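Read the structure below first, then the notes.
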Amino acid sequence: MRCYVFPGQGTQKKGMGRSLFGRFPELRRRADRVLGYPIEELCLENPERRLSDTVYAQPAIYVVNALHWSAAQEDLPPADFFAGHSLGEYSALFAAGAFDFETGLMLVQRRAELMSHVSGGAMAAVVGICAQTVEETLKQHDATGVVIANYNAPEQFVLSGSHEELARIKPVFEKVEGVRGFVPIRVSGPFHAPAMAPAAARFRSLLASVDVGELRTPVISNVTGRPFGPDAREVRDLLAEQITKPVRWTDCIRYLRDAGVSAFTELGESKVLTSLIDRIIAAQEPAPDPRRDLIERIKREILQPEIGDEALGFDEDASFRQLGLNSIIYVRLARRAGTVLGVPVKPDIIFQHRSCAALADYLLTRDDVARAATPEAPPEPLREYQDERVTALLRDCANGTLSVDRTIEAIRALA
C-alpha cells in the first residue's frame, strides 16, 4: 500500500513551487483571492524575507503542497493513506476531501495568525537519545515548563518552552551521553505546547463554523497517531488540539507500517519527512541475520526451482534425503547454487551438507560465498572525525534531517 505525506513549517524557502505555479494557474488565482496578496511572488521572490514569518510561511507551504498534490493526481497512482506533519496535516485533509482548497487555506491563514500572537517561547531540537531519556532529563532538572512538541523519530525530538528554560537546559542536554545536538529552532513561539492554549481556543471557535466532509482516503492524526474517524466533530476537535499537543510522527508512521504501507511519497519542497520515515522504519526492523537470509535463499532460489513449493516449508535441519533426491538433482542444485551465489559449488558439497541449515553454515565459512551472500554496507560518504558527535551531525545534515544552518550551530555549540 501507498501513503502520501505532506511536510509542515520549516520547509519554506525562496523559489518554492517554481516548477508548478505555471502548470496550475487556476490554483494560484484562487490562493490570491483568499490571501489578498500574490502567493507566487511570495514564494519565488520572498520579499522582505516574509517566508521566515509564521503568518506568511504557513499559507505558502499549504499552497505549494496543494500544487504538488495537483501534480501527483496527474502523475502518480492513487494513495491508500495520507499523513501530514503538523501544518502538513491540512494538506492531507484537503487531499482526502475533508474541505476544499479555499477552506483549507482560510483555516491555515487564521491558524498562522493566532499562533503568531503567542510570544515568549521557543523551540529546540534534541538529536541522539530516546524519549525516555529526554523526559527523565527534563524531570531531573525541574524543567517543568518544557515539553516534547515533536516526536519526529526514535532519536529526534523537538522541545517547546520559554527562552529562559531552553537556554538553561541546553548545556544539561549537551552533557547527556548520546546527544548529538541541541539546536535552537528559529520560530516565533512555543508551538505544540500548553502555552498555545489561547490560540487553540480561538481556533476551535472558528472550526465550529466549518463544514468537514467525509474523508475519501484515511488520514492519520498527529495527535493520536491513528486515522481520523468519520465524525466531523472529531476532526475539528483534533485540529484544535493539535496546536497544543505534540506531533506524534513516529506513532503515525508505525501505524501506517502495521497497516501494510510499504511505499511513502513526500509531496512538497523537502525530503525531511522521507529521512525521518527511513529512521523510524530502520529502528523497527530487526538487525540483519546473514545466516537466516542465506537459509531462505537456499529454499527459495536453489531448492524451490527443482522440487517445487515443498521447499518453502521444508525444515531447515531436515536432510535432503527426505525429498528423495537422486544424484542428477544434486548436480542441478550445485549448478543452481553457483549461479545464485556467483561462485563455484561442487555437487559433493551439496551431498555432504544435506540440509538447508548445514549448507548455509558451510557456505558462510567460505569467504567468497560469504561476500556474495551478505550485501556490503554502502560506502561512507563522510570523513570520520575524532569527535563522533560531529560525524553524526554531518550525517543528519547530509540526509536532510538537520538544515545546514542548524548543523553549523550545533557544531559550534560542541566547540
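Model, not experiment: these values are computed from the prediction.
- Arg23 and Glu74 are joined by a salt bridge, as a carboxylate oxygen and a charged side-chain nitrogen come within less than 4.0 angstrom of each other.
- Under a 4.0 Å N-O distance rule, the pair Glu174/Lys170 qualifies as a salt bridge.
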Quiz item: When you look at Tyr4 and Phe81, which way does the ring pair (Phe, Tyr, Trp, His ring centres under 6.0 Å) test go after all the steps?
Solution: CA-CA 7 Å; Tyr4 292 149; Phe81 290 92; over 10 Å; no
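- Taking a 6.0 Å sphere around CD of Gln140, one finds it holds more than 12 heavy atoms contributed by other residues, nucleotides or ligands.
- Asp251 has no carboxylate O lying under 4.0 Å from a charged side-chain N of Arg226, or vice versa, which leaves the two without a salt bridge.
- Crowding of Glu214 atom CD: a count of heavy atoms from other residues, nucleotides or ligands under 6.0 Å not exceeding 12.
- Classification of Arg30 and Glu102 as a salt-bridged pair holds, one side-chain N sitting under 4.0 Å from a carboxylate O.
- A cation-pi geometry, defined here as NZ or CZ lying under 6.0 Å from the six-membered ring centre and within 45° of its normal, does not hold between Arg111 and Phe203.
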Self-check item: Residue pair Glu316, Ser355: steps toward the side chain to side chain donor-acceptor pair (under 3.5 Å) verdict
Solution: CA-CA 6 Å; Glu316 64 187 53; Ser355 73; over 6 Å; no
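- Under the 3.5 Å distance criterion, the side-chain polar atoms of Thr103 are left unmatched by any main-chain donor or acceptor of Phe99.
- Smallest separation of non-hydrogen atoms from Arg332 and Glu306: CD-OE1, 3.4 Å.
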Exercise. Before giving the answer on ring pair (Phe, Tyr, Trp, His ring centres under 6.0 Å), spell out for Phe82 and Trp69 the whole-Å C-alpha distance, their side-chain angles and the decisive distance to 0.1 Å.
Key: CA-CA 11 Å; Phe82 292 116; Trp69 167 236; 5.2 Å; yes
